[in-house]
Number of protein chains: 2
Amino acid sequence: MARETRAGEKRVALVPELVTKLTGLGYQVAVEPGAGLPALISDEEYAAAGAVLDARAFGDADAVVSVQPLAIDRIRGLRPGAATISFLPTAEEREVVAALRYAGVTSFAMELVPRISRAQPMDALTSQALVSGYRGVVVAAEMLPRFFPLTMTAAGTVPPAQVVVLGAGVAGLQAIATARRLGAVVQAYDVRAASAEEIRSLGAEAIDLGLEPLEGASGYARVMTEDRAALQMQRLAPYVAAADALITTAAVPGRPAPLLVSRAMVEQMRPGSVVVDLAAESGGNVAGVVAGEVVRIGSAQVWGGADVPSQMPGPASRLYAQNIVSLVTLMTADGAFAPDFGDEIVAGCCVTHGGAIRAQ
Amino acid sequence: MARETRAGEKRVALVPELVTKLTGLGYQVAVEPGAGLPALISDEEYAAAGAVLDARAFGDADAVVSVQPLAIDRIRGLRPGAATISFLPTAEEREVVAALRYAGVTSFAMELVPRISRAQPMDALTSQALVSGYRGVVVAAEMLPRFFPLTMTAAGTVPPAQVVVLGAGVAGLQAIATARRLGAVVQAYDVRAASAEEIRSLGAEAIDLGLEPLEGASGYARVMTEDRAALQMQRLAPYVAAADALITTAAVPGRPAPLLVSRAMVEQMRPGSVVVDLAAESGGNVAGVVAGEVVRIGSAQVWGGADVPSQMPGPASRLYAQNIVSLVTLMTADGAFAPDFGDEIVAGCCVTHGGAIRAQ
């Protein structure tokens, strides 16, 4: 397991409780000293779980696991034929992909794991979106100067907060579930037809804008026309204006996030309102959002998410590590790392192999 | 309604939706311009509800309501025979009490409203403790780098957070209820015998330290011996050490908060743990806490509450205003402000009247 080197990354690719899963498969597990610290995991915990703490193991490893892609100077330290497994957004990381290819490394991108049911335990986009969705609501609850739940007292009743969630993928559904848990009244919108039922199953109201649903590949929404986008904004405006907290989650990996909410829409919100944009890093669903900052638009505080799963490194790492271990297990034969490129999952997520680029 | 002048106070004593309750009783309601702004309420909202926005009304008022005691220079601007209703901790505010007496003002302290069932709608300590208890959990959830609820995914299960709540008065019970809502496993402790059942009724475990219960007056805990306190700490230590989040709420108005948790106990907590001390302003339940700051003790982040209800000025003001209106209603006869000192509640909460001090 490699130490993470990118700023803001506090997750790690392996947690102590899963080390034995790998040793049980026949692997020796080496962890770079201090690698767990950003996720609050000590070297001693890894050692107690059976891992070797060894800075030099990196260059000898058959497979190196990490959250973020390895830095280019580190890729040069891998032996030819070694494998890396990490997030690896190929469109944005062309230099890294080139370095991996040049070094003769076999690399796998967690984003490219096919969305088929057999691959669900390896689906790191889903596991990390779950963390983001929860985190978004906790942040909104902390920022909102009022109660989420209906509160009854001898001195009267305080009505519950109104929460609007845009985008009902994994992060959105988790946000809905968490806001409902906390007692808020939740309305949610997604362009996909199947979403309305999922939204309702969590006790939220599915916003119906009277627009045709849009269904894309792999369960993600597809890009819409400008006319449709304008009409959608216009019809969403009253819901946004009435919300105490707006949480936007519409992001598609490797593409800019769709702009769902204009500045004017946020300006209609009441004093004290809160906007949490979980898609801020890919451009944002809300006009004017800044990733990693809280900006004021009209009377609302607008929180732009940056490295959101890293804000809960413990559970995010644990879920990611489970994804990694599931994928490594699939790639193991007779106690050795031996990815079978005839397997749809292995082939689907392979970026470089044998000096060639397999996925762009 | 007076503008609040103390630093950190964002609550107000009256909200627009309750103005009509007072006008319905026959009162003219005047609000100092801009008074609602810290609670995000505009002058226009008060005006729309039937209040007069008038800075000069202060000197002519029969009764002035506020959250914090009036500043001494403002008390001098009241007419003799006028009344004030606010929080007024007499032991700490001797100069204010002296000024009220000297000015011939009749003053009522919300803290002194007797804890009898008829007075429940006027019980501002309770309504504000409710806000603090909710807020404490939301802060803890935001600071804790892990999920509160048990989280099940295709990549495995993340266990729920362990929350320990010390003190199960109004704030503590609200904290327990909110942490349970969010899915945490909650354990709670209070020295009073009746608490165990209340704790269990909210789905939490009542910690049994094998110590005699302590019951004080008015439903508050009473001071304990040093031996008992030491034994209690010793037996609480393993619960604190195992907690992801510790929330302490043991405060008695007008007295220093009891020290329940030593530095050594916090140092036993795991990396990433969070402590929220709602009693920080009265000295704290946790050794080393600083009101209004987050300090690090061992591996834990320790949040000291300061002006906690003011962090949610909307609902805190609404509940407080309801308390105020209920008390004013009790003090109204034939459309005029005419407190009946034969009434147990009126007599109980009166601090100064006719140039004399009634309560210390």
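Just so it is clear: chains get the letters A, B, ... in the order the sequence lines come, proteins before strands, and each one is counted from 1. Quick caveat, the model's predicted, so the values are computed rather than measured.
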### Summary
Assert top hit (heavy-atom pairs under 4.5 Å, partner chain A, pool B/A321, B/P149, B/P313) equals B/P149

#### Entry: Which atoms of A/S42 approach chain B - backbone, side chain, both or neither, heavy atom under 4.5 Å
neither

### Message
Quick check on A/T153 against chain B: is it the side chain, the backbone, both or neither that has a heavy atom closer than 4.5 Å?
### Response
side chain

### Task
Give, as side chain, backbone, both or neither, the part of A/R270 having an atom under 4.5 angstrom from any heavy atom of chain B.
neither

### Message
With a 4.5 Å cut-off on side-chain heavy atoms, are A/L22 and A/L14 touching?
### Response
yes

### Query
Of the listed residues (A/V137, A/L130, A/V139), which shares the most heavy-atom pairs with chain B below a 4.5 Å separation?
A/L130

### Heavy-atom side-chain proximity of B/L125 to B/M110 below 4.5 angstrom
no

### Query
With side chains defined as the heavy atoms from C-beta onward, is the minimum distance between B/F148 and A/T178 less than 4.5 Å?
no

### Query
Does B/R115 reach the side chain of B/T126, with side-chain heavy atoms less than 4.5 Å apart?
yes

### Message
Please classify the contact between A/R146 and chain B as side chain, backbone, both or neither, with a heavy-atom cut-off of under 4.5 Å.
### Response
both

### Summary
With chain A, the option among B/A141, B/S299, B/G314 that has the most non-hydrogen atom pairs under 4.5 Å is B/A141

### Task
Can you tell which part of A/Q311 gets under 4.5 Å to a heavy atom of chain B, answering side chain, backbone, both or neither?
backbone

## Note on the structure
Max heavy-atom pairs within cutoff under 4.5 Å with chain A, candidates B/G272, B/G183, B/S310, B/P145, goes to B/P145

## Note on the structure
Closest heavy-atom pair, B/A300 versus B/V275, reported as atoms and distance to 0.1 Å, is CB-CG2, 4.4 Å

### Task
Identify which part of A/Y320 has an atom lying under 4.5 Å from any heavy atom of chain B, answering side chain, backbone, both or neither.
neither

#### Entry: Side-chain heavy atoms of A/E4 within contact of A/S86, under 4.5 Å
no

### Task
Just give me the residue among A/Q120, A/E142, A/K10 that pairs up with chain B most often, heavy atom to heavy atom, under 4.5 Å.
A/E142

### Message
Do A/T20 and A/T23 have side chains that approach each other closer than 4.5 Å (heavy atoms only, starting at C-beta)?
### Response
yes

### Task
For residues A/L327 and A/C349, report the shortest heavy-atom separation together with the two atoms involved.
CD2-SG, 4.3 Å

